[in-house]
Amino acid sequence: MSITQESPYHTFLKFPGEWRFTNALGAMPDNAVGQFIALIERIASQASDQQAVFEAFKRRFGWSGSSSTPDWALTDMSQAMRQTDLNTAEFIDAFWSAMVDISKEPKLRVNLPPTGPINHILRQHKVGFSVNPPHLVRETGSSITTNDDDTPNTNPSSQYTIGEQIGSGGFGEVFHATRESPFGEFHFAIKFHRPLPFTNAERARARFDREVRALRILQHRGIVPYLDAGLDKETPFLVMPFIDGPNLRKASEGQPVLERLNQMVEILGAVAHAHSKEILHRDLKPANILVRSSDNQPVIVDFGLAYLFDDATHESLTTTAIGSGPYIPHEVWEDPKLRTPGHDIYSCGVILYEILAGRLPNPSDYIPLATMNSALTPIDSVIRRALAPAASRYRSAEEYRWGLMSAIHLAQSSAS
């Protein structure tokens with residue numbers, strides 16, 4: 001829905017003041033917070049200035065100061081929303097107020113959703129409120145959930161017991177699941193196809209089917225393997241092993257530099273394998289790479305935005321630049337329908353700099369890693385080439401991998 005006079009976000013919500021001071025209303029369930037964050041990401045993806053959208057929500061949830069990049073703004077906003085001590089009424093009010101703020105900024109050119117997606121989340125998690133502009137309405141006879149006991153009662157193929165939600169996005173939700181056997185309990189991650197209400201259902205389902213197909217093709221230690229897929233009460237689901245470990249950003253904190261570099265070599269090997277099977281990931285970032293605690297193996301997950309070169313449906317799916325802001329190369333911003341391995345290579349250049357420097361790079365004003373550690377001078381040249389304009393970038397992930405391994409050797413030689 002475009003911002004017009006018919007937009008519901010023309011005024012702030014009205015509700016009794018005492019609701020702000022009632023502990024009985026409880027906190028917003030964490031699973032619901034995750035869905036609100038996914039909704040914000042979807043809104044921001046259509047904005048002319050994604051960071052401005054995240055900053056608007058940050059302010060309403062009590063986070064002062066500006067973030068350095070859109071990616072960090074998203075991270076800070078998510079943290080502010082998850083750590084808030086607001087009760088459910090205050091949380092909804094803060095969310096709505098940010099939407100009002102955004103609606104008053106025509107330069108953002110944001111398509112704001114109707115109230116349906118918001119009320120869908122509130123109903124799904126039995127929060128006990130609905131939004132009927134300009135009023136926040138308390139549902140009669142409803143019970144307010146203060147925890148996440150409302151986990152869907154799903155049981156795909158009658159084999160798995162569904163546990164806590166461990167991820168969500170615009171196209172689905174991921175749950176930790178277990179399966180009992182005579183040999184013990186086994187752990188899995190199950191992704192259900194549950195797109196947000198205002199998402200194009202046909203495109204969302206096509207993307208889910210594409211993800212299943214990609215994981216069936218890919219067989220590499222650095223890529224989450226496919227185990228099973230099917231329908232649960234007409235809801236498609238995908239079963240994968242449960243990767244017990246932090247994402248790459250958290251895992252790299254405090255790690256020796258050499259260990260971080262070797263992990264990137266592993267990641268590039270997995271990307272090169274995907275490219276050899278004519279599959280692009282297109283959303284590579286630290287959050288989509290888990291580092292398994294048992295053996296420190298990085299594993300790429302979430303192929304929800306993957307592109308398969310032999311997929312006949314691809315023309316109908318891409319309408320905007322695919323990926324996450326700072327990890328998308330310039331040429332894809334200019335032409336969203338451009339599909340090339342250079343997209344993933346650029347993303348891996350950003351990732352390598354980020355896990356070494358602790359911040360995102362600025363390709364137009366590159367700050368060398370050598371300013372922190374002179375031994376990393378050879379690594380700088382590798383990253384610069386990965387972040388270079390398309391014509392000067394590495395031609396393949398395998399070439400990037402070999403370049404990085406050579407640079408690591410040089411860095412070790414200069415340090416010894």
Side-chain angles (χ1 to χ4, degrees), residues 8-9 12-44 53-64 73-102 112-153 162-170 172-176 192 194-199:
Y9 306 104
F12 298 105
L13 291 178
K14 300 177 182 179
F15 57 93
E18 59 265 25
W19 286 4
R20 296 185 182 277
F21 308 102
T22 305
N23 291 334
L25 294 181
M28 184 67 69
D30 190 63
N31 287 350
V33 176
Q35 287 186 265
F36 276 115
I37 292 172
L39 179 58
I40 296 169
E41 288 188 82
R42 181 72 175 177
I43 294 168
V53 173
F54 298 142
E55 297 287 355
F57 283 94
K58 275 174 51 184
R59 288 191 296 271
R60 287 296 180 175
F61 281 91
W63 192 285
S64 60
L74 171 59
T75 299
D76 292 341
M77 180 201 74
S78 301
Q79 185 175 354
M81 292 177 69
R82 291 190 183 280
Q83 293 182 349
T84 181
D85 58 358
L86 303 178
N87 65 31
T88 50
E90 293 177 292
F91 184 100
I92 298 167
D93 183 49
F95 182 91
W96 186 271
S97 296
M99 298 282 267
V100 173
D101 293 342
I102 293 168
L112 296 177
T115 57
I118 297 174
N119 287 330
H120 173 80
I121 296 172
L122 299 178
R123 285 193 303 272
Q124 181 180 355
H125 295 276
K126 304 180 178 70
V127 170
F129 288 96
S130 64
V131 175
N132 185 14
H135 300 286
L136 177 61
V137 179
R138 183 86 175 270
E139 298 296 330
T140 304
S142 65
S143 59
I144 297 171
T145 303
T146 58
N147 54 41
D148 290 328
D149 291 339
D150 55 329
T151 302
N153 183 24
I162 308 302
E164 67 175 340
Q165 185 174 346
I166 56 177
S168 63
E173 300 170 335
V174 183
F175 292 86
H176 180 209
F192 291 93
R194 292 177 181 149
L196 291 173
F198 67 97
T199 304

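Just the heavy atoms: all of them, side chains too, but no hydrogens, waters or symmetry mates, feed the values below.
- For the atom pair NE2 of His120 and CD of Gln124, the computed distance is 4.5 Å after rounding to the nearest 0.5 Å.
- The side-chain heavy atoms of Ile92 and Phe15, taken from C-beta on, include no pair separated by under 4.5 Å.
- For the pair Ile102/Phe57, a side-chain contact is recorded, criterion being any heavy-atom separation below 4.5 Å from C-beta on.
- Using a 4.5 Å cut-off on side-chain heavy atoms (C-beta onward), Met28 and Leu122 make contact.
- Residues that satisfy the ring pair (Phe, Tyr, Trp, His ring centres under 6.0 Å) test with Trp96, not counting sequence neighbours, are Tyr9.
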| said: Assess the residue pair Ile121 and His125 against the criterion (side chain to side chain contact (heavy atoms under 4.5 Å, CB included)); give the C-alpha distance rounded to whole Å, side-chain angles, the decisive distance to 0.1 Å, and a yes or no. | reply: CA-CA 6 Å; Ile121 296 172; His125 295 276; 4.0 Å; yes
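- Annotation for Ile43 and Pro113: closest pair CD1-CD, 3.8 Å, computed over non-hydrogen atoms.
- Taking CG of Leu74 as the reference point, atom NZ of Lys58 lies at 10.5 Å (rounded to 0.5 Å).
- Between Ile40 and Met81, some side-chain heavy-atom pair lies under the 4.5 Å cut-off.
- Contact of the Ile37 side chain with the Phe54 side chain is not registered, since no non-hydrogen atoms from C-beta on lie closer than 4.5 Å.
- The shortest distance between side-chain heavy atoms of Asp93 and Trp19 does not fall below 4.5 Å.
- Shortest non-hydrogen contact noted between Asn87 and Glu90 is OD1-N, 2.9 Å.
- At least one donor-acceptor pair under 3.5 Å links the side chain of Asn119 to the backbone N or O of Val131.
- Taken from CZ in Phe12 to CG in Asp101, the straight-line distance is 5.5 Å, to the nearest 0.5 Å.
- Atom CE of residue Met99 and atom CD1 of residue Ile118 lie 4.5 Å apart, to the nearest 0.5 angstrom.
- For the pair Ala56 and Ala98, the tightest heavy-atom approach, listed with the atom from each and the gap, is O-CB, 3.9 Å.
- Under the ring pair (Phe, Tyr, Trp, His ring centres under 6.0 Å) criterion, Phe61 pairs with Phe91, sequence neighbours left out.
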